[in-house]
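This report concerns only the one structure given below.
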Amino acid sequence: DQEDVMAMTEKVIAAIWKSAGYEVQLPLPRITWKDAMDKYGSDKPDLRIDLTVTDISDMVQDTGFEPFVGQIVKAVPVSGCTLTRKQIDTLCADVEVQAGRKPYWLRMDEHGALVGGVAKFFAGKADALREALALTPDTLVLISAGKKTEAQKTAGVMLKMAGALVPGHMDEKRYEFCWIVDFPMFEIGEESGELEFCHNPFSMPNGGLEALLAAERGELDPLTIMAYQYDLVCNGVELSSGAVRNHDPEIMVEAFHLVG
């Protein structure tokens, strides 16, 4: 049983950390894969960092900035940021190296005005952006754009790098654990455009054979089928992963049949 394995693992982790003088509070928080990707841009979130990701796609479609048009656009506001222009450029260059996509930026200055980077494209949206991101003076806004997974991945890198760079957003002395659960069984491949396995094809789908057959009949969206998969994460590092293995040949055949 997945919950039994997770509960046992938590106790072992707590005992190990206690032997080193650190108290781990149980039970560990559980975050769904979807929530982790939406909120942190990563399925290995570093919860020592207090930054989060916000989707601003709808707001920016009419800004006239071509890289945003028709794309998923994510924003990471970083309050209390006093980085220089050169430091911001270096941060963005480092993000691009790791994420493989160019990030964009603007900032709210000490007077509450949007300046720098792509600020001119938000000239008529300052109030909406301020409200959506709860902006305060001296806040840097890092922005990613692209297909959904591209925008999420870039946002996750922005969050992690900015959190470590800007003082006050990361407590390096803490250990923050969490479980990532409810991984999707299937996804639409960005290159193929076809249904594909999302992570581990040999794990048990939630709902078993009935869910797969319902998807085949068109009664259930296969993208809503979750898998019995779980990862243990600490400070942005995956410590272990597990799954309820698919031990039923009939279910295995049907799962592979769905993806062709």
Side-chain angles (χ1 to χ4, degrees), residues 2 31-45 53-58 60-61 66-76 95-104 143-160 179-231 233 236 238 240-260:
Q2 176 172 304
I31 305 174
T32 67
W33 179 87
K34 181 181 184 304
D35 286 347
M37 295 303 297
D38 287 344
K39 189 174 182 179
Y40 304 108
S42 172
D43 58 7
K44 295 180 282 293
V53 179
T54 299
D55 191 300
I56 58 170
S57 303
D58 291 341
V60 302
Q61 292 307 306
E66 187 61 30
F68 292 169
V69 178
Q71 302 297 319
I72 298 297
V73 182
K74 304 285 187 177
V76 177
V95 169
E96 185 172 5
V97 168
Q98 185 168 329
R101 292 192 67 82
K102 177 182 174 64
Y104 306 94
I143 303 172
S144 64
K147 295 178 181 179
K148 185 175 182 179
T149 56
E150 294 171 338
Q152 286 177 328
K153 177 183 176 181
T154 305
V157 175
M158 296 188 314
L159 184 154
K160 187 173 183 178
W179 289 104
I180 304 299
V181 298
D182 293 343
F183 285 79
M185 188 75 185
F186 304 102
E187 66 181 351
I188 299 298
E190 291 195 347
E191 294 185 6
S192 69
E194 303 292 334
L195 191 69
E196 299 175 354
F197 288 112
C198 189
H199 292 90
N200 181 357
F202 303 108
S203 59
M204 183 67 74
N206 199 323
L209 182 62
E210 291 75 14
L212 298 178
L213 292 175
E216 185 178 23
R217 293 192 299 266
E219 300 170 359
L220 179 68
D221 184 351
L223 298 179
T224 65
I225 299 175
M226 301 295 110
Y228 286 107
Q229 301 172 12
Y230 47 94
D231 286 352
V233 175
E238 180 185 317
S240 67
S241 63
V244 176
R245 298 300 176 183
N246 189 345
H247 56 272
D248 188 315
E250 189 175 7
I251 296 177
M252 183 77 73
V253 169
E254 184 60 30
F256 275 85
H257 177 70
L258 270 179
V259 298

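Just so it is clear, the structure is predicted and the values come from calculations on it, not from any experiment.
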What I'd like to find out is whether the side chain of L195 reaches to under 4.5 Å of the side chain of I188, using heavy atoms alone. yes
Can you sort out the partners of W179 under side-chain hydrogen bond (donor to acceptor under 3.5 Å, both in side chains), two or more places apart, ordered by chain and number? E10
For L159 and K39, the nearest pair of non-hydrogen atoms, with its separation, is CD1-O, 4.2 Å
How far apart are the C-alpha atoms of D55 and D38, what are their side-chain angles, what is the distance that settles it, and do they pass the side chain to side chain contact (heavy atoms under 4.5 Å, CB included) test? CA-CA 8 Å; D55 191 300; D38 287 344; over 6 Å; no
Report yes if the side chains of K74 and T154 come closer than 4.5 Å at any heavy-atom pair, otherwise no. no
Can you tell me how far apart CG (D58) and CD1 (I72) are? Round to the nearest 0.5 Å. 8.5 Å
Does D221 CG have over 12 foreign heavy atoms under 6.0 Å away? yes
Over all heavy atoms of both residues, which pair between P184 and C198 is shortest? Give the atoms and the distance, please. O-CB, 3.2 Å
Using the side-chain hydrogen bond (donor to acceptor under 3.5 Å, both in side chains) criterion, which residues pair with H257? Sequence neighbours excluded. E216
What verdict does the side chain to side chain contact (heavy atoms under 4.5 Å, CB included) test give for R245 and N200, after you've listed the backbone C-alpha separation in whole Å, the side-chain angles of each residue and the deciding distance to 0.1 Å? CA-CA 9 Å; R245 298 300 176 183; N200 181 357; 2.6 Å; yes
Should L209 and E254 count as side-chain neighbours, where that means a heavy-atom distance under 4.5 Å? yes
Looking at side-chain heavy atoms only, is the closest gap between S203 and M185 below 4.5 Å? yes
Looking only at heavy atoms, the pair that brings P67 and Y104 closest together is CB-OH, 3.4 Å
From F202 atom CZ to H247 atom NE2, the distance as rounded to the nearest 0.5 Å: 15.5 Å
Examine distances only and state if a side-chain atom of Q61 and a backbone atom of G70 form a donor-acceptor pair shorter than 3.5 Å. yes
Over all heavy atoms of both residues, which pair between S42 and M37 is shortest? Give the atoms and the distance, please. C-SD, 3.5 Å
Between R101 (side chain) and A145 (backbone), is there a donor-acceptor pair under 3.5 Å? yes
Is there a side-chain contact between N246 and P205 (heavy atoms, below 4.5 Å)? yes
Considering all heavy atoms, the nearest P103-E96 contact: CD-CB, 4.0 Å
Assign the ring pair F183 / W33 to parallel, tilted or perpendicular, where the plane angle (0 to 90°) is split at 30° and 60°. tilted
Without swapping roles, check the side chain of Q98 against the backbone of V157 for a donor-acceptor pair under 3.5 Å. no
For the backbone of V73 and the side chain of S57, can you confirm whether one donor and one acceptor N or O come within less than 3.5 Å of each other? yes
Should we count CD of E238 as having more than 12 external heavy atoms under 6.0 Å? yes
Do H199 and D231 come close enough that some side-chain heavy atom pair is under 4.5 Å? no
Looking only at heavy atoms, the pair that brings A75 and I56 closest together is CB-CD1, 3.9 Å
By side-chain hydrogen bond (donor to acceptor under 3.5 Å, both in side chains) - contacts of E196 (at least two apart): S192
Rounded to the nearest 0.5 Å, what's the gap from CD on E187 to NZ on K148? Could you check? 10.5 Å
Please assess K34 against D182 for the test side chain to side chain contact (heavy atoms under 4.5 Å, CB included), listing each intermediate value before the final yes or no. CA-CA 8 Å; K34 181 181 184 304; D182 293 343; over 6 Å; no
Per the side chain to side chain contact (heavy atoms under 4.5 Å, CB included) rule, which among M158, K153, K102 passes with S144? M158
Inter-residue atom distance I225.CD1 - L220.CG, 0.5 Å rounding: 5.0 Å
For residues P45 and I180, determine if any side-chain heavy atom of one lies less than 4.5 Å from a side-chain heavy atom of the other. yes
